[in-house]
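Some notes on the structure that comes next.
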Amino acid sequence: MAQTDAQKRATNKYNREKLDNISIRYPKGTKAKIQQLSILAGKSMARYIMDAIAAQAERDGHADILAAGSDRDGDGETETDGSAEEDRE
C-alpha cells in the first residue's frame, strides 16, 4: 500500500528533526564492497558502518562520545541515540 501524503510529510518531518544525514564519497566499487561485508555480517550498511566507527572509537579510548546520553557535539545539551522510547515521541 502506498504512503499517503500525510504519512510522507510525517516521515520527512521526523527525518529532519531526529536524524542526521552523512554523505561519504569513495572510489567506484567501494559501496559494493561495503554492502557485501554488511550482508555477510547480517547487518544493514548503515549499522555495519556505525559498528565499525564504534569499534574504532573503542580502540581509540573515545567510546564515551558515542554513548547514549553524552554531549556528543559539545553544546552542553545531552543527546541520545534515538533508541529510547521517549526519543520517538
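The structure displayed is predicted, hence computed values, not measured ones. Only this structure's heavy atoms are used, side chains among them; waters, hydrogens and symmetry mates stay out.
Heavy-atom minimum distance, L66 versus A54: CD1-CA, 3.6 Å. In this structure, S38 and S44 approach most closely via the heavy-atom pair CB-O, 3.8 Å. Considering all non-hydrogen atoms of both residues, Q7 and A2 come closest at OE1-O, 4.2 Å.
In this structure, I49 CD1 and I22 CD1 are separated by 9.0 Å, a value rounded to the nearest 0.5 Å. Taking CZ from R16 and NZ from K18, the interatomic distance works out to 12.5 Å, rounded to the nearest 0.5 Å. Put simply, CD1 on I39 and CD on Q35 are 5.0 Å apart, with the number rounded to the nearest 0.5 Å.
Sorted by first and then second residue, the salt bridge (Lys or Arg N to Asp or Glu O under 4.0 Å) pairs with a member in residues 36-54 read K43-D51, R47-D51; sequence neighbours excluded.
By the side-chain hydrogen bond (donor to acceptor under 3.5 Å, both in side chains) test, Q56 is found to be paired with R59, D60, residues two or more places apart in sequence or in another chain being considered.
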